[in-house]
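Have a look at the structure below before the remarks.
Lettering follows sequence order; numbering is per chain, from 1.
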Number of protein chains: 2
Amino acid sequence: MTSVDTQLGRRPGFTDGILPAACPSRTVLDHVTSKWGVLVLLALSDGTHRWGELRRVVQGISEKMLAQTLRTLEEDGLVVRVAHPEIPPRVEYSLSDRGRDLNEHLMPLMAWIDHNASEMLGRA
Amino acid sequence: MTSVDTQLGRRPGFTDGILPAACPSRTVLDHVTSKWGVLVLLALSDGTHRWGELRRVVQGISEKMLAQTLRTLEEDGLVVRVAHPEIPPRVEYSLSDRGRDLNEHLMPLMAWIDHNASEMLGRA
DNA sequence: CCGCATCCGTCACGATACTG
DNA sequence: CAGTATCGTGACGGATGCGG
């Protein structure tokens, strides 16, 4: 291992770095940035929402991906799922405490992207 | 469109929201969160690095994906590529001003993920 | 040797149809 | 309404090749 590797591997503010393949951060990062994870988390940032609402609001997401994304986010403890035993069925999704905590770091990033996007794509 | 849709579509701090499918933010978001985008940006956060360094440091990335990721990030104006006409060839990558600006929003997020990852995966 | 393009197998994604 | 099952397609990753 060269000096530049150790330099890159460890970084101030991180425990072990995120670049090594084996660290758990990779898994969580893959879940959160899983093409729809960020958008679903953002959609839930203002409170509880039903399946159909999320389906319509996160435009372009397929039912399969919405189900899969919600399930992994729930397994990671970021999203809370509450099923009401009614007819017709009603299922509500909301952020957990940890999910809200994550969102507070996610929102400024999304605001930056939203603010810079058009300017970035203008030049190709 | 119901009231919840408009409520979700617009959000304080965002121009048009990111959830609509047609907005440019989606494209940029897909580039940045493109499975390797975040890791490459993070790897460049401490300065200029060569191709081979990035290849070794971002563990698990294939040469094809590294090339593709670097090219899209360069097209978006986040990464600067400098090729030195030497034998053996030497190509150096670094963050642009905008890339550094983005990274300042990315780093706290990654630090949060790195800090919470192990605890999140502990409970399945 | 290093940076990168190309070919090809595999797998995740998306559209549709169907169930409780 | 809230999902699950099935299937075709496109993106991804590995191996290979080539120019410098």
Side-chain angles (χ1 to χ4, degrees), chain A residues 2 4-5 8 19-22 26-40 43-44 48-76 79-94, chain B residues 1-2 4-5 8 19-22 26-40 43-44 48-75 79-94:
Chain A
T2 69
V4 70
D5 287 332
L8 280 170
L19 299 171
R26 278 289 187 94
T27 307
V28 176
L29 182 65
D30 281 347
H31 291 178
V32 172
T33 68
S34 68
K35 183 177 179 84
W36 297 110
V38 185
L39 295 176
V40 170
L44 289 172
T48 301
H49 291 291
R50 301 185 57 178
W51 166 278
E53 291 172 7
L54 294 173
R55 174 100 171 81
R56 272 175 289 116
V57 149
V58 184
Q59 293 180 15
I61 194 173
S62 66
E63 295 187 350
K64 179 182 178 180
M65 282 301 102
L66 179 57
Q68 182 174 316
T69 303
L70 283 171
R71 200 176 314 118
T72 56
L73 291 178
E74 189 194 2
E75 287 172 0
D76 289 345
V79 165
V80 177
R81 187 193 121 112
V82 179
H84 300 266
E86 306 173 356
I87 304 290
R90 186 164 57 98
V91 184
E92 298 195 319
Y93 294 91
S94 58
Chain B
M1 185 180 285
T2 70
V4 70
D5 287 331
L8 281 170
L19 299 171
R26 278 289 187 92
T27 308
V28 176
L29 181 66
D30 281 347
H31 291 179
V32 172
T33 66
S34 67
K35 183 175 179 83
W36 297 111
V38 184
L39 295 175
V40 170
L44 290 172
T48 301
H49 290 292
R50 300 187 54 181
W51 165 278
E53 291 172 6
L54 294 173
R55 174 100 170 83
R56 271 175 292 116
V57 149
V58 184
Q59 293 180 15
I61 194 171
S62 67
E63 296 188 349
K64 179 183 178 180
M65 282 300 101
L66 179 57
Q68 183 174 317
T69 302
L70 284 171
R71 199 177 316 119
T72 56
L73 291 179
E74 190 195 0
E75 288 172 359
V79 164
V80 177
R81 186 195 119 111
V82 179
H84 300 265
E86 305 173 357
I87 305 290
R90 185 165 58 97
V91 184
E92 298 195 319
Y93 294 92
S94 59

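Distance B:E53 CD to C:dC2 P: 11 Å, rounded to the nearest Å. We find that CG of A:L66 is positioned 13 Å from C1' of D:dC1, with the value rounded to whole Å. Atoms CD (B:E63) and P (C:dC1) sit 15 Å apart, rounded to a whole Å. Taking atom CZ of B:R56 as the reference point, atom C1' of C:dC1 lies 13 Å away to the nearest angstrom. Atom P of nucleotide D:dC12 and atom CG of B:D30 are separated by 10 Å, given to the nearest angstrom. Here C:dG14 presents its C1' atom at 11 Å from CD1 of A:I61, a figure rounded to the nearest Å. At whole-Å resolution of the value, CD in A:E86 and C1' in C:dG20 are 15 Å apart. Distance NE2 (A:H84) to P (D:dG3): 11 Å, rounded to an integer number of Å.
Exactly one residue among B:V79, B:L66, B:V40 makes a side chain to side chain contact (heavy atoms under 4.5 Å, CB included) with B:Y93. That residue is B:V79.
OP1 or OP2 of D:dG13 sits under 4.0 Å from a side-chain N or O of B:K35.
Candidate nucleotides D:dC12, C:dA15, D:dG3 were compared by shortest atom distance to the side chain of B:M65, and D:dC12 ranks first. Here the nucleotide nearest the side chain of B:S62, chosen from D:dG3, D:dG14, C:dC2, is D:dG14. Nearest to the side chain of B:K64, among D:dA2, C:dC13, D:dG13, sits D:dG13. Counting only heavy atoms from C-beta on, A:W36 has its side chain closest to C:dG14 among D:dG3, C:dG14, C:dG3. When the nucleotides D:dT4, D:dG20, C:dC13 are ranked by their closest atom to the side chain of A:R71, D:dT4 comes out on top. Out of D:dG19, D:dC12, D:dA2, the shortest distance to the side chain of B:P89 is found at D:dG19. Looking at the side chain of A:R90, the nearest of the listed nucleotides D:dA2, D:dG13, D:dG19 is D:dA2.
Contact detail for B:L19 and B:R26: the closest heavy-atom pair is O-NH2, 2.7 Å. The shortest heavy-atom contact between B:L73 and B:G37 is CD1-O, 4.2 Å. In this structure, A:E53 and A:T48 approach most closely via the heavy-atom pair OE1-O, 4.4 Å.
Residue contacts for A:Q68: at a heavy-atom cut-off of 4.0 Å it reaches the sugar-phosphate backbone alone, with no base atom in range. Using a 4.0 Å heavy-atom cutoff across all strands shown, A:R55 reaches no nucleic acid atom at all.
In this structure, the side chains of A:L39 and A:I61 stay at 4.5 Å or more apart for every pair of heavy atoms.
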